[in-house]
Amino acid sequence: MRGFMVFCRKELTESYRSYRLVILLVVMALMGIMSPFTAMILPDILSGSDLGGGLILELPEPTSFDSWTQFFSNVSQMGMLAMILVFAGLMASELSKGTLIPVLTKGIPRGTVILAKFTVATILWSLGYAVSWIICWGYTIYYWGAQDFTHPWITFCAPWLVGELFLALMILGGTLVSNWGGSLGVVAVVVITGNLVNLLPEVRPYNPITLAAGTLGLLDGSHSVEDFTPAIAICVGAIVLCLILSIVVFKRKQL
C-alpha cells in the first residue's frame, strides 16, 4: 500500500507539472460553458433558414433538455477526444523512454504501477468531468430554472464510465506496444467496432459505447434503466479485464 501511495503522488505531481491536469480541466470547463450557450443560440441561428422549395426552418424555443443534449454531445465527442489525447502516453511514453526502470528497481511491484496509474487517471478524469457537469448544471438552472432528473446517477455517470473504459484500454495498448500508436489504436478499434455494432438493434443494448450519449433518453422517459444495465455490466467487466491483462503483460515485459 505504501508503494501504491508513493507512486500515486508521483503521478499526481507529474500530471500537474506536465499541464495534463490543467489542459483537461480547461477543455472540460469549456464543454460545460458551450453546452447551454449552444442550446440557446442555435434556434436563433438556424430559424428562418430557407430549406428550398418554399420551406422555412422553424425551431422551438430551447429548453433545459436541449442544454443537456448539447452536454452529452460535446462530452462524448470533443471531451472524450481531449481526454484520450491527454492520457494516450500514460504507459506508452514511460515504457518507450525507460523512465519506469528506476521505480521498479526500488521494489514497487509492476501491478502496483498499473493500478496507481489508472487510479490517478481516474481522479483527473473524474475531476474534469465533474467540473464540466457542474458548470453546465449551473448555467442550465440560471437560464431555464431547476429541473428534476430521473435516475441522475445512471444518466450522468454513464459517459464518465465510458471514459474509464478508454483509460483502461489506453493502459493496455500502451503496455502491449510501448508507444502512443498502441494506446490510440486500441481505443480506435473499440470505438469503430462499437459504432458498427450499433447498426444491429439486437446487439445495441450490450454495447458499452452507447453509454457515451445514449442515457440522455432517461431524462425524457424514452428509455428505462433496464435498457442500459447490460451495457453497464459489460463496460465494468471490460475495465477490470483490461487492467488484469495489463498487469499480466507488464509483469512479463522486458524493459
Side-chain angles (χ1 to χ4, degrees), residues 24 27-28 31 34-35 38 65-66 68-92 118 121-122 125-126 128-129 132-133 151 153-246 248-249:
L24 185 63
V27 171
M28 295 305 291
M31 297 298 100
M34 286 174 54
S35 299
T38 304
F65 186 78
D66 296 312
W68 290 117
T69 300
Q70 290 295 328
F71 174 80
F72 273 78
S73 176
N74 289 335
V75 169
S76 64
Q77 295 177 34
M78 291 180 286
M80 292 286 186
L81 178 61
M83 184 270 289
I84 290 170
L85 293 177
V86 165
F87 291 110
L90 198 60
M91 279 296 293
F118 180 74
T122 294
W125 165 236
S126 301
Y129 186 83
S132 184
W133 185 88
H151 308 295
W153 283 105
I154 295 178
T155 302
F156 294 108
C157 287
W160 170 85
L161 188 61
V162 176
E164 288 291 282
L165 174 60
F166 289 165
L167 288 175
L169 287 169
M170 284 187 286
I171 290 176
L172 176 59
T175 305
L176 286 169
V177 186
S178 301
N179 59 48
W180 280 52
S183 299
L184 297 176
V186 171
V187 175
V189 168
V190 171
V191 171
I192 293 171
T193 303
N195 286 320
L196 291 176
V197 168
N198 269 346
L199 300 176
L200 305 173
E202 64 275 11
V203 184
R204 193 177 302 159
Y206 304 92
N207 184 7
I209 299 300
T210 59
L211 299 174
T215 52
L216 179 65
L218 290 173
L219 292 183
D220 62 1
S222 60
H223 288 87
S224 64
V225 174
E226 290 73 20
D227 294 334
F228 302 101
T229 302
I232 291 173
I234 291 174
C235 190
V236 172
I239 292 170
V240 173
L241 179 61
C242 285
L243 293 177
I244 292 173
L245 289 175
S246 297
V248 171
V249 172

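Without hydrogens or angle criteria, D227 side chain to S224 main chain gives a donor-acceptor distance under 3.5 Å. For the pair T210 (side chain) and Y206 (backbone), a donor-acceptor distance under 3.5 Å is absent. In this structure, the side chain of S73 does not engage the main chain of T69 through any donor-acceptor pair within 3.5 Å.
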Please walk me through it: do M170 and L90 pass side-chain contact (heavy atoms from CB on, under 4.5 Å)? CA-CA 7 Å; M170 284 187 286; L90 198 60; 5.8 Å; no

Could you walk me through whether F65 and L216 pass side-chain contact (heavy atoms from CB on, under 4.5 Å), step by step? CA-CA 9 Å; F65 186 78; L216 179 65; 4.0 Å; yes

Might you work through the side-chain contact (heavy atoms from CB on, under 4.5 Å) test for T193 and V189, ending with a clear yes or no? CA-CA 6 Å; T193 303; V189 168; 4.0 Å; yes

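Checked against the 6.0 Å centroid threshold, Y129 and W125 count as a close aromatic pair.
Between A88 and S183, the shortest heavy-atom contact is O-OG, 3.0 Å. Shown here for S76 and M80, the closest heavy-atom pair between the two residues is O-CG, 3.5 Å. Residues F72 and P159 approach most closely at CE2-CG, 3.6 Å, considering heavy atoms.
A 4.5 Å side-chain heavy-atom check between S132 and F71 finds at least one atom pair inside the cut-off. Looking at heavy atoms from C-beta onward, V203 lies out of side-chain contact with N207 at the 4.5 angstrom threshold. Residues W68 and F156 meet the side-chain proximity criterion, which asks for heavy atoms closer than 4.5 Å. The shortest distance between side-chain heavy atoms of C242 and L167 does not fall below 4.5 Å. Side-chain contact between T122 and W160 is present, with heavy atoms from C-beta onward closer than 4.5 Å. The shortest side-chain heavy-atom distance between I154 and I232 falls under the 4.5 Å cut-off.
With rounding to the nearest 0.5 angstrom, the CG atom of L184 is 7.0 Å from the CG atom of L85. Interatomic distance, CE of M83 versus CE of M78, reported as 14.5 Å (0.5 Å rounding). Atoms OG and CD1, on S246 and I171 in that order, are 6.0 Å from each other to the nearest 0.5 Å. Atoms CD1 and CG, on I192 and N195 in that order, are 8.0 Å from each other to the nearest 0.5 Å. Note that CD1 of I234 is 12.0 Å distant from CG of L241, once rounded to the nearest 0.5 Å. Taking CD from Q70 and CG from N74, the interatomic distance works out to 6.0 Å, rounded to the nearest 0.5 Å.
With respect to V162, the side chain to side chain contact (heavy atoms under 4.5 Å, CB included) criterion is satisfied by exactly one of L211, V191, V75: L211.
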